[in-house]
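A short write-up of the structure that comes next.
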Amino acid sequence: MEQCACVERELEKVLHRFVMYGHQSEERLDELLRSVCEIRAQLVAFGVQDADLSVLSQNMAQCCKNIKETVQMLASRHKDIHGSVSKVGKAIDRNFDAEISAVVAETVWDTPERQKYLSESIVEHLYRQGMLSVAEDLCQESGVVIDMSMKQPFLELNRILEALRMQDLRPALEWAVSNRQRLLELNSSLEFKLHRLYFISLLSGGIGNQMEALQYARHFQPFASQHQRDIQILMGSLVYLRHGIENSPYRSLLETNQWAEICNIFTRDACALLGLSVESPLSVSFASGCMALPVLMNIKQVIEQRQCSGVWTHKDELPIEIDLGKKCWYHSVFACPILRQQTSESNPPMKLICGHVISRDALNKLTNAGKLKCPYCPMEQNPSHAKQIYF
């Protein structure tokens, strides 16, 4: 973080100089423009008379001198800004290591299958961001084939999000009503919050929408038991409709951040129904890499200094544990109670008939003459009956 702060300070200096340069340039140019306009007005008003030639000549000479000085001053200060910009580049080079290949496995993308997975992750991210044309171009150039069944949910999701950003609630309401039962199973309040926001939009229209707001309030009936307090507040606001909600104790109902909040809630619940995480795998991987990279660079430097080259072999493991925060916890982690090691794809957890779980390596080591005795209970069983557990 200290490295980022150093670069940020240099950026702030550059931005401050840009702002000051812009203000000073505008002031000097406006001043010169006024001088030129005054000389032009004198020429138009009085004409070129012998008595005025000397005065006009002096004024024009002074104006030309001021223009030349201003151009030189602006050019000089522009060069100073270039110097400040170059300092930002030097600060980046000084505080960040441009060479990160030392902590990256060289063979990470060496197979067509892995390259295909990477392209699919990028395409999915582009679909999530609504960049459909870019995703289509990438599919054509990389040869990735995306099934329409995967593409269609993202098309609908982005269409509804775009409407919400334009403060159009109807597409989202139609989607929520059609998926009401599934949203209830998720214990989601999306449909109620959409109806609430539509009701508030009617309130903001003033007394002319009073009857329509009263009729629309019938949509709150299915949510009365769960959102009774919120509904009471909405109905109480009708008393102040004649004087304007913005002038009432209910003015908080008109806060503009509600639209950003409803977009986030819709994205979260829609992704949950699709079986997707709110963040795309690409963005999560990128964010995780940004948090892990400084730590990996430091540990790599320590390994090289102490000549411990065998500590880190790039074989799908890290030399130290890196805490990415709970936001990046997606799967459970199981450590074998027998061997006391974390399970992996090559050594998955296995559930025995008795219900106890151990790793496959432990299962193989405990097997004797085709039989297995559970280390936690006296039950003897056939090791082939153990089932693999998937997280």
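Computation of the quantities below employed the complete heavy-atom set of this structure, encompassing side-chain atoms and omitting hydrogens, waters and symmetry-equivalent molecules.
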Partners passing salt bridge (charged side-chain N to carboxylate O under 4.0 Å, His left out) against Arg17 (at least two apart in sequence or in another chain):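 For Arg17, no residue satisfies salt bridge (charged side-chain N to carboxylate O under 4.0 Å, His left out) once neighbours in sequence are set aside.
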Please check if any side-chain donor atom of [X] sits under 3.5 Å from a side-chain acceptor atom of [Y], or the reverse.
X: Tyr216; Y: His195; value: yes
X: Asn66; Y: Gln62; value: yes
X: Ser280; Y: Ser283; value: yes
X: Gln388; Y: Arg360; value: yes

CA sep, side-chain torsions, deciding dist, call: Leu254, Ile200, side chain to side chain contact (heavy atoms under 4.5 Å, CB included): CA-CA 7 Å; Leu254 303 179; Ile200 291 173; 4.0 Å; yes
Does a side-chain heavy-atom distance below 4.5 Å link [X] with [Y]?
X: Tyr240; Y: Asn247; value: no
X: Arg28; Y: Met73; value: yes
X: Leu169; Y: Leu197; value: yes
X: Phe223; Y: Ser189; value: no
X: Thr343; Y: Pro348; value: no
X: Arg182; Y: Asn179; value: yes
X: Pro171; Y: Trp175; value: no
X: Glu12; Y: Leu15; value: no

Could you report the tightest heavy-atom contact between [X] and [Y], atom names first, then the distance?
X: Leu202; Y: Asn209; value: O-ND2, 3.1 Å
X: Ser237; Y: Ile245; value: O-CD1, 3.2 Å
X: Phe334; Y: Pro349; value: CD2-CB, 3.6 Å
X: Ala172; Y: Leu164; value: CB-CD2, 3.9 Å
X: Cys374; Y: His356; value: SG-ND1, 3.4 Å
X: Val284; Y: Glu279; value: CG2-CB, 3.5 Å

[X] atom [atom1]: more than 12 heavy-atom contacts under 6.0 Å:
X: Gln221; atom1: CD; result: no
X: Tyr21; atom1: OH; result: yes
X: Asn257; atom1: CG; result: yes
X: Arg159; atom1: CZ; result: yes

Same cluster or not: [X] versus [Y], using hydrophobic residues (I, L, V, M, F, W, Y) connected whenever any side-chain heavy atoms lie under 4.5 Å apart?
X: Ile81; Y: Leu74; result: yes
X: Leu186; Y: Leu184; result: no
X: Leu214; Y: Leu203; result: yes
X: Val145; Y: Leu126; result: no
X: Val357; Y: Leu352; result: no

Aromatic plane relationship, Phe220 with Phe199 - under 30° parallel, 30 to 60° tilted, over 60° perpendicular: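 Rings of Phe199 and Phe220: perpendicular, over 60°.
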Please list, chain by chain and in numerical order, all residues satisfying side chain to side chain contact (heavy atoms under 4.5 Å, CB included) with [X], sequence neighbours excluded.
X: Ala362; answer: Cys336, Ile338, Leu339, Ile358, Ser359
X: Leu11; answer: Val7, Val88
X: Met379; answer: Ile353, Cys354, Cys377, Gln381

Leu238/Tyr250 under side chain to side chain contact (heavy atoms under 4.5 Å, CB included): CA gap, chis, key distance, verdict: CA-CA 10 Å; Leu238 290 171; Tyr250 298 92; over 6 Å; no
So does [Y] get a backbone contact from the side chain of [X], meaning a donor-acceptor N/O pair under 3.5 Å?
X: Asp168; Y: Arg170; answer: yes
X: Asn298; Y: Pro294; answer: yes
X: Ser119; Y: Gln115; answer: yes

Distance, nearest 0.5 Å, that separates [atom1] of [X] from [atom2] of [Y]:
X: Asp137; Y: Leu132; atom1: CG; atom2: CG; value: 11.0 Å
X: Tyr198; Y: His219; atom1: OH; atom2: NE2; value: 9.0 Å
X: Glu120; Y: Cys139; atom1: CD; atom2: SG; value: 9.0 Å
X: Leu183; Y: Ser178; atom1: CG; atom2: OG; value: 8.5 Å
X: Phe154; Y: His125; atom1: CZ; atom2: NE2; value: 11.5 Å
X: Lys365; Y: Leu372; atom1: NZ; atom2: CG; value: 14.5 Å

Ion pair Glu124/Arg128, N-O distance below 4.0 Å: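 Answer for the salt bridge query: yes.
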Lys/Arg-Asp/Glu bridge criterion (N-O < 4.0 Å) met for Glu113, Lys116: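 A salt bridge is absent here (no side-chain N lies under 4.0 Å from a carboxylate O).
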Show me the side-chain donor-acceptor pairs of residues 258-265 shorter than 3.5 Å, one per line, residues at least two apart or across chains.
from: Gln258; atom 1: OE1; to: Arg196; atom 2: NH1; distance (Å): 2.8
from: Gln258; atom 1: NE2; to: Leu253; atom 2: O; distance (Å): 2.6
from: Gln258; atom 1: NE2; to: Glu255; atom 2: O; distance (Å): 2.9
from: Asn264; atom 1: ND2; to: Ala260; atom 2: O; distance (Å): 3.3

Derivation and outcome, side chain to side chain contact (heavy atoms under 4.5 Å, CB included), residues Glu27 and Glu31: CA-CA 6 Å; Glu27 292 176 0; Glu31 184 180 344; over 6 Å; no
Test side chain to side chain contact (heavy atoms under 4.5 Å, CB included) applied to Tyr127 and Glu136, step by step: CA-CA 9 Å; Tyr127 278 139; Glu136 294 295 337; 3.0 Å; yes
Can you give the donor-acceptor pairs under 3.5 Å from side chains of residues 226-234 to other protein atoms, not counting sequence neighbours?
none

